[in-house]
Amino acid sequence: MALLEPSAVWSSIFSCMGYRPPTVQLPIPPEKIDGQTVTFKPVRDGIDLEVPGVMQVIEDANGFNVNASYIVSQNPPLCRVYWFDQSEVDAIAKLAVKEKRRILIVDDDREITRLVKILLERTGRYSVLEENDATKAHQSAQDFRADLILLDIMMPEADGGEVAAQIEADPDLQRTPIIFLTALVTKAEASAGLRIQGHRFLAKPVNIPELITGIEENLAAGAPVLS
């Protein structure tokens, strides 16, 4: 869908409406979102339900106006236009570019963390941070804004259970998925669907394809819904 150029027609329409759509800055090229279907909640219209709409990007003298039309009722037919503000456009853009997911791996064995980092980043889907001091794991998770944490259980500074408890007590991190990595269980036990402190675990030595499957399943389970 071609971008609409600024015009006196749009200015006239906005004036008649008595409403100036929010002028926003696009963090990605406009063609990445123009014409895309999005599901959203038109909360400023007093509607707290998810509705589908096709996005339209309009170039403005100071930036862009971004909207989506949605159907209010079928009988009689009624359609409205919802104008997105900057925070909503940022959220839409983030989903559109499919940012690399941030994985924090906490293990005192530097060789293990380095190998896992290299193999995961080689897929092009993840950005991985290594933390080899368990006492710093909570702070690292906060600073890195981790999407998922791979956590060893047996570590000299603090065990994985203690680290997991710190993360679960943090309001900003408590929904962050955790996968325990441990040599204390067998592959068969790990495959049986058992959990440690409510979290999935994988047996060491870690099988990378199996690890990626576990990561993707946990990320999908905790994926946010655009609203």
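- Between R125 and E216, at least one side-chain N (NZ, or NE/NH1/NH2) sits under 4.0 Å from a carboxylate O, which counts as a salt bridge.
- Taking all atoms of both residues into account, the shortest heavy-atom contact from Y70 to P52 is CB-O, 3.7 Å.
- Looking only at side-chain heavy atoms (C-beta outward), I215 and Y126 come within less than 4.5 Å of each other.
- Two residues are said to be in side-chain contact when any heavy atoms from C-beta on lie closer than 4.5 Å; L104 and L150 fail this criterion.
- Residue I71 qualifies as open at atom CD1: its count of foreign heavy atoms under 6.0 Å is 12 or below.
- Within the 4.5 Å cutoff, the side chain of I149 has no heavy atoms near those of the P177 side chain.
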**Item:** salt bridge (charged side-chain N to carboxylate O under 4.0 Å, His left out) evaluation trace for R175 with D147
**Value:** CA-CA 9 Å; R175 294 179 63 86; D147 293 309; over 6 Å; no
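- Judged as a salt bridge (Lys or Arg N to Asp or Glu O under 4.0 Å), and not counting sequence neighbours, the contacts of E121 are K117.
- Between I105 and E131, the closest side-chain pair of non-hydrogen atoms is not below 4.5 Å.
- Checked against side chain to side chain donor-acceptor pair (under 3.5 Å), S87 has the following partners two or more places apart in sequence or in another chain: D85.
- N132 pairs with exactly one of D152, D108, D107, T113 by the side-chain hydrogen bond (donor to acceptor under 3.5 Å, both in side chains) rule, that one being T113.
- Interatomic distance, NZ of K100 versus OG of S127, reported as 7.0 Å (0.5 Å rounding).
- With contacts defined as side-chain heavy-atom distances shorter than 4.5 Å, the pair D170/Q142 qualifies.
- Separating the CG atom in N67 from the OH atom in Y82 is a distance of 11.5 Å, to the nearest 0.5 Å.
- Looking at L202 and F180, their side chains never come closer than 4.5 Å, going by heavy atoms from C-beta outward.
- For the pair L173/T176, a side-chain contact is recorded, criterion being any heavy-atom separation below 4.5 Å from C-beta on.
- Side-chain contact between V54 and Q36 is absent, with no heavy atoms from C-beta onward closer than 4.5 Å.
- Taking the charged nitrogens against the carboxylate oxygens, R110 and E130 have no contact shorter than 4.0 Å, which rules out a salt bridge.
- Taking each heavy atom of K204 and I112 in turn, the nearest pair found is NZ-CD1, 4.0 Å.
- Ion pair R44/E88 flagged as a salt bridge, since at least one NZ, NE, NH1 or NH2 atom sits closer than 4.0 Å to an Asp/Glu carboxylate oxygen.
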